[in-house]
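The structure appears below as structure tokens.
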Amino acid sequence: MKLPITDAFLWKLYLFIEKMDKAYDVLAPHTMHQVVYPEEHRLRREYQILKARTKFSQFIKNLGERGYIKVKALEGTRGIILTPKGAKRVLLARWKSKQKKRRKDGRWVMIIFDIPEKQRRTRGLLREALINLGYQKLQQSAWVCPYDVYKETEEIIRSYRVIPYIKLFLIEEVV
């Protein structure tokens, strides 16, 4: 199994930064203390690098324990794979960080849904996603949003596979 491009890039970036840090240590201007006691300075730098690597390892371990990633052995090396829970977290972060802009035409996006009781969990996830996009609840299954999130809403509807249970509208105003 091949390592995902993003994970491979992040790991190579980390190693590159670590090498640049070592190069900077050699080329950087030194204080008189560092010149007089170079071994102490070198040991301190090695400790700092080891501590940073340990923190990164702990961070990766924590993400794995929380179920966001899996560390797998791939072709003689270890790789990181994003889990479905991790992908959901990334998607949520993307929606939350995205600058919300009101629609230029002044219309509101309205979604009405009637998702069956046997899909209760999906219904809850849909409501959570609507809140993250900036929707406001009119009723339990009728939500409106003044922001330009029509495409994102369609994307959510497709990803949750609830198209038959949903009506999506663009409305002039909410009274």
Side-chain angles (χ1 to χ4, degrees), residues 1-102 109 119-137 143 145 147-162:
M1 185 171 166
K2 191 174 180 184
L3 187 64
I5 294 171
T6 305
D7 297 334
F9 172 77
L10 289 173
W11 185 247
K12 287 180 181 178
L13 180 64
Y14 176 78
L15 293 176
F16 173 74
I17 290 171
E18 192 174 72
K19 286 180 185 176
M20 291 304 294
D21 194 34
K22 286 180 183 176
Y24 175 78
D25 189 39
V26 171
L27 301 173
H30 299 288
T31 64
M32 194 59 174
H33 182 77
Q34 291 171 343
V35 172
V36 174
Y37 303 104
E39 191 62 23
E40 177 188 344
H41 175 67
R42 186 186 62 75
L43 288 172
R44 180 175 285 142
R45 285 299 292 153
E46 284 179 10
Y47 173 75
Q48 288 172 341
I49 289 168
L50 183 61
K51 188 174 175 181
R53 184 178 281 171
T54 303
K55 283 183 180 180
F56 182 74
S57 296
Q58 288 172 344
F59 175 68
I60 295 297
K61 182 180 177 189
N62 184 283
L63 290 176
E65 288 172 353
R66 293 169 72 188
Y68 296 128
I69 62 171
K70 285 187 180 180
V71 179
K72 297 257 185 176
L74 305 169
E75 298 177 8
T77 187
R78 290 174 27 158
I80 299 171
I81 299 171
L82 196 61
T83 63
K85 183 179 177 181
K88 179 185 172 196
R89 174 96 184 222
V90 169
L91 189 60
L92 266 171
R94 190 182 94 202
W95 288 335
K96 285 181 180 180
S97 67
K98 190 174 182 181
Q99 188 73 2
K100 293 180 174 94
K101 297 178 184 171
R102 288 194 174 263
V109 182
Q119 292 182 338
R120 173 191 294 232
R121 187 169 186 273
T122 304
R123 191 173 55 219
L125 291 172
L126 175 66
R127 286 187 181 124
E128 189 178 311
L130 294 175
I131 290 168
N132 289 326
L133 286 175
Y135 277 84
Q136 300 164 10
K137 181 169 58 168
W143 296 65
C145 182
Y147 305 118
D148 192 14
V149 292
Y150 195 87
K151 289 179 185 174
E152 290 88 346
T153 305
E154 285 181 329
E155 183 180 312
I156 290 168
I157 293 168
R158 276 193 300 276
S159 70
Y160 288 141
R161 298 182 181 133
V162 290

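In this chain, residues are counted from 1 in sequence order. Values below: every heavy atom of this structure, side chains too, minus hydrogens, waters and symmetry copies.
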Would you indicate whether the side-chain heavy atoms of Y135 and V149 approach each other to under 4.5 Å? yes
Report the residue from T153, I156, I131 that forms a side chain to side chain contact (heavy atoms under 4.5 Å, CB included) with L126. I156
State, to 0.1 Å, how close K85 and R66 come at their nearest heavy-atom pair, and which atoms those are. NZ-O, 2.8 Å
Side chains of Q119 and V162 in contact at under 4.5 Å (non-hydrogen atoms): yes
Calculate, to the nearest 0.5 Å, the distance between atoms CZ and CZ belonging to R127 and R123 respectively. 5.5 Å
Among residues at least two apart in sequence or on other chains, which ones pass side-chain contact (heavy atoms from CB on, under 4.5 Å) with S159? none
Give me the atom names and distance for the closest heavy-atom approach of V109 to Y147. CG2-O, 3.9 Å
What distance separates L63 CG from Y68 OH, expressed to the nearest 0.5 Å? 8.5 Å
Looking at R44, R45, E46, which hits side chain to side chain donor-acceptor pair (under 3.5 Å) with Q48? R45
Could you tell me which residues satisfy side-chain contact (heavy atoms from CB on, under 4.5 Å) with K51, sequence neighbours excluded, listed by chain and number? Y47, K55
Non-hydrogen atoms of I60 and I69 that approach each other most closely: O-CD1, 3.5 Å
Which value, rounded to the nearest 0.5 Å, describes the distance between K70 atom NZ and T83 atom OG1? 7.5 Å
Search all heavy atoms of C145 against all heavy atoms of G134 and return the closest pair with its distance. SG-O, 3.5 Å
Inter-residue atom distance F59.CZ - T54.OG1, 0.5 Å rounding: 15.0 Å
